[in-house]
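Take a look at the structure set out below.
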2 protein chains.
Amino acid sequence: MSNDAERPAARPTITDVARHAGVSKGLVSFALNDRPGVSAETRARILASARELGWTPNLRARSLSVDRSYALGLVIGRSVDVIAADPFFHSFIAGVESEFSTAGQVLVLAQATPGREETATYRGLAADKRVDGVFLSDLRAGDDRVALVRELGLAAVTLGRPDVESPFPSVSVDDGRGIRAAVEHLAALGHRRIAHVAGPSTMLHGRRRAEAFTTALVAAGLEPTAIIETDFSAVDGARATRELLGLGADRRPTAIVYSNDHMAFAGLAVAQRAGIHVPHDLSITGFDDTELARHTFPSITSVATDAFDWGARSARLLLATIAGQPVDDVELSEPRLVVRESTTTAPESESARH
Amino acid sequence: MSNDAERPAARPTITDVARHAGVSKGLVSFALNDRPGVSAETRARILASARELGWTPNLRARSLSVDRSYALGLVIGRSVDVIAADPFFHSFIAGVESEFSTAGQVLVLAQATPGREETATYRGLAADKRVDGVFLSDLRAGDDRVALVRELGLAAVTLGRPDVESPFPSVSVDDGRGIRAAVEHLAALGHRRIAHVAGPSTMLHGRRRAEAFTTALVAAGLEPTAIIETDFSAVDGARATRELLGLGADRRPTAIVYSNDHMAFAGLAVAQRAGIHVPHDLSITGFDDTELARHTFPSITSVATDAFDWGARSARLLLATIAGQPVDDVELSEPRLVVRESTTTAPESESARH
DNA sequence: TTGTAAGCGTTATCAG
DNA sequence: CTGATAACGCTTACAA
C-alpha cells in the first residue's frame with residue numbers, strides 16, 4: 001500500500017533545495033556551511049530556497065559524512081545515592097546546556113548501573129561514537145579514566161586537574177581557597193580545635209579539601225586535629241560527627257568544617273540530638289552552598305562555588321578542543337564563604353583558655 | 001590482504017566482514033540482526049568473522065539507514081532551582097539507564113535554558129531527530145507538551161496521567177494514596193487541625209496531592225483547613241509555614257503535610273526558629289523520602305515512592321512503544337508512609353478538646 | 001539460501 | 001566559480 005506518487009509531507013532534502021535553487025547539491029552544502037567558492041548572489045538564492053522549503057540539514061546524514069556526533073557526554077559514577085544528593089550536577093548541566101543553545105549540540109547523560117560498569121559505559125559511548133567528547137568529573141586519585149578516554153580517542157576536559165599525566169585541558173576551581181576561608185573565619189572567631197569531616201581521599205576534590213584544611217590550620221597557628229574520612233554521604237557525615245562529639249571534653253572540636261553541605265546537615269542533626277547547641281557549643285560550615293543551607297535552623301555557613309559557570313566554561317572548552325582550536329586550562333573564580341548562623345565565637349571555656 | 005594490510009587502525013566495516021566471511025554485505029546484515037533466511041552454518045561463520053575482526057556496526061550509518069536514533073530524551077523544565085532540589089531525577093535516570101544496558105540506547109538530557117525555551121528544545125530534538133521518544137515529566141494542567149510532542153511525531157510516555165487527551169501511554173503512581181496515608185496517620189494520632197503545604201496547582205502532581213489531602217481530611221471526619229500553594233521550593237515552603245504558624249492559636253494547625261521533603265525541611269527550620277517544638281507542638285510529614293529525611297533532628301516522616309522503578313518501567317514502556325509493540329498504561333506500586341520522629345500525638349490541649 | 005544494487009542525505013573530490 | 005560523482009556504512013527490496 002505505498003503511494004509514492006503523492007509524498008506525504010516528506011521532509012525536503014538538500015536535493016530538493018538544489019533543484020529549487022537551480023544549482024547542484026554540492027553548492028548548497030557550500031552555501032550552508034558558508035565556505036568560500038560561492039558567489040554572494042548564488043548563496044543568497046540558495047539560502048532563500050532553503051528557507052522557503054523549510055529545509056534543515058539532516059543531522060544523521062551529516063553525522064555519517066563528517067564523522068561527528070554533535071553530542072557531548074557526561075557519565076556519572078556508580079554511587080548513585082551519593083551523587084543523588086549532590087545538587088552540583090543540576091547546575092553544572094544547566095551551564096553546559098547554556099552553551100549548546102547556539103551550538104546545536106546535545107548532552108548525552110550516562111549513568112553506570114549495576115548491569116553496566118563505568119568503563120563499559122565509556123567504551124560503549126566510544127564504540128558507537130555517540131559523543132565527540134566527554135566531561136570527566138569527580139576525578140579520582142590516579143584516575144584511570146583519563147588514560148581510557150584517551151585510548152578511546154575521545155576528546156575531553158577534566159573538571160579539576162588530575163594527578164596523572166593528562167592530555168586534556170581542565171577547568172578548575174580552587175576548593176582549597178574555600179576551605180581556607182572557612183578555617184580562617186573560625187580561627188578568627190577564637191576556635192582552636194577545629195575538625196574536618198572530609199570526603200573520600202580517593203576523590204581528588206575530597207583529598208584536596210582535606211589538604212587545604214591542614215595547611216590552613218597550620219597557617220593559623222593551630223595544632224592538627226581530627227580529620228575523618230567519609231564517602232560524602234549524609235549517613236557517613238552523621239557517623240563522623242558522632243565520632244568527633246564522642247571525644248573527651250578536652251579533645252572534642254568546637255568547630256567542624258564539612259566537605260559538603262549534605263554532611264553538614266546530617267552533622268547538625270547529630271549535634272542537636274546530642275543536646276549540643278549549634279553554634280554556641282559547636283560551629284559548623286558546609287561546602288556547596290546548597291539552597292537548603294539557607295533553610296535550616298540555624299542556617300549554615302557554607303562555601304559557594306559557581307557550578308553553572310563551571311558547566312558553561314567546560315562546555316565551551318570542550319567544544320573548542322573538538323573544533324581543533326588551541327585551548328588553555330581555565331581557572332574559575334574563587335569560591336567564597338557565605339557566613340550564616342551556624343558559626344559563632346568559640347565557647348567561653350575555650351576562648352578563655354589562652 | 002587478509003588481516004592486516006598496513007591499515008592505520010581503521011575500524012572494520014561490514015564490507016570487511018563480508019569479505020572475510022566470503023559472503024555479501026547483505027547477508028552479514030541479516031546475520032547480525034538475526035533475521036530468517038540465513039543458514040545456521042553461514043550465520044555462525046559470519047558471526048565468527050565479525051568477532052575476529054572486532055567489528056561492531058556503525059551506529060551512524062545504521063541510524064541514517066533505518067531512520068532511528070536509538071536515543072531517548074528527557075527535557076527538564078525551566079525552573080532549575082526548583083528541580084535542582086529534587087532528588088527524583090537522579091533515581092529516575094538511574095532507573096531509565098538500567099534498561100539501556102541491554103538495549104544499546106542512550107539518554108539525551110536537555111534542559112531549557114534562558115536562551116532556549118522548552119518548546120524550542122522539543123522542536124530542536126525533533127528537527128534533528130536526536131531522539132526516538134521522550135519522557136514527559138512534571139505534567140502540568142492542560143499541558144501543551146503532549147500536543148506538541150504528538151505533532152512533532154515523537155513517541156512518548158507520560159509520567160503520570162495527563163488531564164488532556166493523550167495518545168501516549170503513561171506510568172503513574174498513586175500519589176494521593178501517600179497523602180492519604182499521611183493524613184490518616186496524623187488523624188489517628190489525634191490531630192484535628194492538619195494543614196497542607198501544596199505544590200503549584202499548575203502541576204498535576206502538586207494538584208492531585210492537594211486534592212487527595214482534602215479528600216482524606218473529609219474521610220477522616222475533619223474540617224477543611226488551610227492549604228497553601230507553593231512552587232515546591234524551600235523558600236516557598238518556609239513562607240507557607242510562617243503563614244500557617246502565624247495563625248491565631250485556635251486556628252494554627254497541629255500538623256502540616258508537605259508536598260515534598262524539601263519544603264518540610266524548610267518548614268521544620270521555621271518552626272524551630274519560632275520556638276515551636278516538632279513534633280510535640282507540631283507534627284510534620286514530607287514527600288519523597290529523601291535521604292536527608294533520615295538525617296534531620298527530628299527525622300522526618302515521609303512518603304516514599306520508587307523513582308528508580310518509575311524510570312525503569314517508563315523506559316521499558318517507551319522502548320516497547322517505539323518498537324511498535326502494543327502497550328498498556330502501568331501503575332506503579334503504592335507509595336508507603338515511612339514514620340519517623342517528626343510526627344507524634346497531637347498536643348494535650350488539642351487532643352483533650354473532644 | 002545468497003548475491004546485487006539501490007537507497008538514506010550529507011560532505012568532499014575534482015574535473016569543467 | 002560550478003556541478004557531476006564518489007564516498008560514508010548500513011539496510012533492504014529484488015534477483016538469482
Side-chain angles (χ1 to χ4, degrees), chain A residues 1-2 4 7-47 49-50 53-70 104 127-130 132 323, chain B residues 7-47 49-50 53-70 104 127-130 132 323-324:
Chain A
M1 293 301 168
S2 56
D4 297 9
R7 293 202 170 180
R11 190 171 149 169
T13 76
I14 196 172
T15 306
D16 298 320
V17 177
R19 181 165 37 219
H20 184 103
V23 297
S24 71
K25 284 164 49 180
L27 253 211
V28 176
S29 178
F30 269 51
L32 174 73
N33 306 310
D34 44 38
R35 276 225 283 265
V38 186
S39 73
E41 189 201 359
T42 311
R43 153 174 294 121
R45 183 156 42 95
I46 292 175
L47 262 29
S49 291
L53 264 44
W55 173 74
T56 221
N58 179 311
L59 185 77
R60 285 171 190 156
R62 194 207 288 250
S63 226
L64 176 62
S65 186
V66 301
D67 199 37
R68 290 248 284 120
S69 41
Y70 301 100
D128 286 347
K129 295 192 179 180
R130 291 315 275 257
D132 297 321
Chain B
R7 293 220 169 169
R11 188 171 150 170
T13 74
I14 196 172
T15 307
D16 298 320
V17 176
R19 181 166 38 220
H20 184 103
V23 296
S24 70
K25 284 164 48 179
L27 254 209
V28 174
S29 178
F30 270 52
L32 174 74
N33 305 311
D34 43 41
R35 276 227 281 266
V38 186
S39 73
E41 188 200 0
T42 310
R43 153 173 291 121
R45 182 155 43 93
I46 292 175
L47 262 29
S49 292
L53 264 43
W55 174 74
T56 220
N58 179 311
L59 184 76
R60 286 171 190 155
R62 195 209 287 251
S63 227
L64 177 62
S65 184
V66 302
D67 199 37
R68 290 248 283 123
S69 41
Y70 301 100
D128 286 347
K129 295 192 180 179
R130 294 311 279 254
D132 297 320

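Convention: sequence-line order gives letters A, B, ...; per-chain numbering from 1.
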Verify the contact: side-chain N or O of [X] to OP1 or OP2 of [N], cut-off strictly under 4.0 Å; return yes or no.
X        : N       : value
Ser24(B) : dG3(C)  : yes
Thr42(B) : dT2(C)  : yes
Ser63(B) : dC8(C)  : no
Asn33(B) : dT11(D) : yes
Ser65(A) : dT10(C) : no

Lys25(A) meets the salt bridge (charged side-chain N to carboxylate O under 4.0 Å, His left out) criterion, sequence neighbours left out, with none
Across the strands shown, which category fits Arg68(A) at heavy-atom distances under 4.0 angstrom: base, sugar-phosphate, nothing? nothing
Taking side chain to side chain contact (heavy atoms under 4.5 Å, CB included) as the definition, give me every residue that meets it alongside Thr56(A), ordered by chain and number, with sequence neighbours left out. Arg11(A)
Which residues pass the side chain to side chain donor-acceptor pair (under 3.5 Å) test with [X], not counting sequence neighbours?
X         : answer
Asp132(B) : Arg68(B), Ser69(B)
Thr42(A)  : Ser39(A)
Asn33(B)  : Arg62(B)

Can you find a donor-acceptor pair, distance only, under 3.5 Å between Lys25(A) side chain and dT10(C) base? yes
Which sits closer to the 5' end of DNA chain D, Ile14(B) or Val38(A), going by the nucleotide each is nearest to? Val38(A)
Judged by atom type as modelled, is there a donor-acceptor pair below 3.5 Å linking the side chain of Arg35(B) to the main-chain atoms of Phe30(B)? no
Five pairs at each end of the helix from dT1(C)-dA16(D) to dG16(C)-dC1(D): take the axis at both ends and give me the angle between them to 10°. 50°
